[in-house]
There are 2 protein chains.
Amino acid sequence: MDEKEFFCRRSEQPDDGVYVSTCPVTYALGIIGQKWKLPILWHLFPREATRYNELKRSVRGITNMMLTKSLHELEEHGLVERRQYETVPPRVEYSLTPRGRSLFPTLKELYRWGEEQMRLDELRKA
Amino acid sequence: MDEKEFFCRRSEQPDDGVYVSTCPVTYALGIIGQKWKLPILWHLFPREATRYNELKRSVRGITNMMLTKSLHELEEHGLVERRQYETVPPRVEYSLTPRGRSLFPTLKELYRWGEEQMRLDELRKA
DNA sequence: CAGTATCCTGGTGGATACTG
DNA sequence: CAGTATCCACCAGGATACTG
């Protein structure tokens, strides 16, 4: 990845007016950029598996709708795995796949930068 | 930054119903997460300075409204610097601050991960 | 050239109720 | 327990026109 190749490329499709991004950063944000994705992943990171309702309790403020939708999307992208036990009452557990865990170093970088920015912004306000 | 400290914390303020995120990742995405921020930064990265209209031409599809708004916000957060020359017609140049450039390693990480995900998704479709 | 000022649309995310 | 099904509000982002 040299510098010239790094910068965002967009492929233009004038026929239907649709721009398809081929930019990996945009692609990544499309996977983890929505409101609840990261809070969910955060809860899963340090754990083996988590049940639906435990997740719902831990991710403050999330509704069934959003939790279900987010989990589906994360599953579709292969970051999260759903395991269902055929018991009564039902028991469903969610866990990170290796692919989900591969996000950790990247998030750590983002965390580091964000933390730096928070400190700098604090200093400017003071 | 140990693992326990890493995960997202939100401070709850029940009085006005507002949740203020103290999570550095959320903070970072609040700065660079909007639609046009990264495309703009991308154009600035390999350059010394760029004029307003050059930026507008390069960032495909952006309107005056969005370009102006995004640049203002980037300036507020100290990532971008605006320099105005008192000539007729006016000449305004935008460039990255050191703080803006400090984003580069982080973006490279996100790029790397996103690229990996794109390849994996391609393989699954095939 | 480098922006502002208005007005408006669409779609993310939320509220609420219901169920295998 | 672990979800669906409907309906809805809000605001990021866009279209268009105008200007120092």
Side-chain angles (χ1 to χ4, degrees), chain A residues 10 12 16-19 21 26 29-41 43-44 47 49-77 80-95, chain B residues 8 10 12 14 16-19 21 26 29-41 43-44 47 49-77 80-95:
Chain A
R10 279 161 187 264
E12 195 168 345
D16 52 5
V18 174
Y19 295 79
S21 174
T26 304
L29 290 181
I31 296 178
I32 59 161
Q34 299 85 331
K35 184 166 183 185
W36 298 104
K37 296 288 179 70
L38 288 179
I40 291 171
L41 292 174
H43 189 265
L44 294 178
R47 292 175 175 79
T50 307
R51 298 182 64 168
Y52 181 89
N53 272 338
E54 185 187 339
L55 218 36
K56 195 185 158 191
R57 263 177 273 113
S58 309
V59 181
R60 287 258 154 193
I62 198 170
T63 61
N64 280 328
M65 277 277 328
M66 284 295 101
L67 180 53
T68 302
K69 188 162 176 268
S70 303
L71 285 170
H72 277 156
E73 290 172 13
L74 288 170
E75 212 189 339
E76 262 174 45
H77 283 107
V80 157
E81 192 177 26
R82 191 189 116 113
R83 180 161 299 165
Q84 181 168 356
Y85 299 87
E86 295 299 345
T87 60
V88 179
R91 173 192 190 85
V92 179
E93 286 182 349
Y94 292 91
S95 56
Chain B
C8 192
R10 280 161 187 263
E12 196 169 343
D16 51 4
V18 174
Y19 295 79
S21 174
T26 304
L29 290 181
I31 296 177
I32 59 161
Q34 299 85 333
K35 184 166 184 184
W36 298 103
K37 295 289 180 67
L38 289 177
I40 290 171
L41 292 175
H43 190 265
L44 295 177
R47 292 174 175 80
T50 307
R51 297 182 64 167
Y52 181 89
N53 272 337
E54 186 187 340
L55 217 36
K56 195 185 159 190
R57 263 177 272 113
S58 309
V59 181
R60 288 258 154 195
I62 197 170
T63 62
N64 279 329
M65 277 276 327
M66 283 294 100
L67 181 52
T68 302
K69 188 161 176 269
S70 302
L71 285 171
H72 277 156
E73 289 171 12
L74 288 170
E75 211 189 339
E76 262 174 45
H77 283 108
V80 157
E81 192 177 25
R82 190 189 117 114
R83 180 163 296 166
Q84 181 168 356
Y85 299 87
E86 295 298 345
T87 60
V88 180
R91 174 192 190 85
V92 178
E93 286 182 351
Y94 293 91
S95 57

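Every chain is numbered from 1, with letters handed out A, B, ... down the list of sequences.
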**Message:** Hydrogens and angles aside, do A/Y94 and A/E75 bring a side-chain donor and acceptor to less than 3.5 Å of each other?
**Reply:** no
[atom1] of [X] versus [atom2] of [N]: gap in Å, rounded?
X: A/L71; N: D/dG3; atom1: CG; atom2: P; answer: 8 Å
X: B/I62; N: D/dA12; atom1: CD1; atom2: P; answer: 16 Å
X: A/Q84; N: C/dG20; atom1: CD; atom2: P; answer: 15 Å
X: A/E86; N: C/dG20; atom1: CD; atom2: P; answer: 16 Å
X: B/M66; N: D/dG13; atom1: CE; atom2: P; answer: 7 Å
X: B/L67; N: C/dA5; atom1: CG; atom2: C1'; answer: 17 Å
X: A/M65; N: D/dG3; atom1: CE; atom2: C1'; answer: 11 Å
X: B/R82; N: C/dC1; atom1: CZ; atom2: P; answer: 16 Å

Nearest of [options] to any side-chain atom of [X]?
X: B/N53; options: D/dG3, D/dC1, C/dC1; value: C/dC1
X: A/P89; options: D/dC1, D/dA2, C/dA2; value: D/dC1
X: A/Y52; options: D/dG3, C/dC1, C/dG3; value: D/dG3

**Fill in**
d(B/E54 CD, B/E93 CD) to nearest 0.5 Å is 9.0 Å
**Exam field: side chain A/K37 to backbone A/I31, donor-acceptor pair closer than 3.5 Å** = yes
**Request:** Kindly indicate whether the side chain of B/L74, heavy atoms from C-beta on, has any atom under 4.5 Å from the side chain of B/L41.
**Result:** yes
**Message:** Quick check: do B/L67 and B/V59 have side-chain heavy atoms less than 4.5 Å from each other?
**Reply:** no
**Fill in**
Result for 5'-nearest mapping on DNA chain D, choosing between B/N64 and B/K69, is B/K69
So does [X] get a side-chain nitrogen or oxygen closer than 4.0 Å to the phosphate oxygens (OP1/OP2) of [N]?
X: A/K35; N: C/dG14; value: yes
X: B/Y94; N: C/dG3; value: yes
X: B/W36; N: D/dG14; value: yes
X: A/R57; N: D/dA2; value: no
X: A/R51; N: D/dA2; value: yes

**Request:** Could you tell me which non-hydrogen atom of B/W36 sits nearest to which non-hydrogen atom of B/G61, and how far apart they are?
**Result:** CH2-C, 3.7 Å
**Prompt:** How would you label the contact of B/Y85 with the nucleic acid (heavy atoms, under 4.0 Å): base, sugar-phosphate, or nothing?
**Reply:** nothing
**Asked** Looking across every strand, which nucleic acid part, if any, lies under 4.0 Å from B/Q34 by heavy atom: base, sugar-phosphate, or nothing?
**Response** sugar-phosphate
**Message:** Return whichever of A/T63 or B/H72 has its heavy-atom-nearest nucleotide of DNA chain C closer to the 5' end.
**Reply:** B/H72
**Request:** Report the base-pairing partner of D/dG20 (Watson-Crick or G-U wobble, both distances below 3.5 angstrom), or none.
**Result:** C/dC1
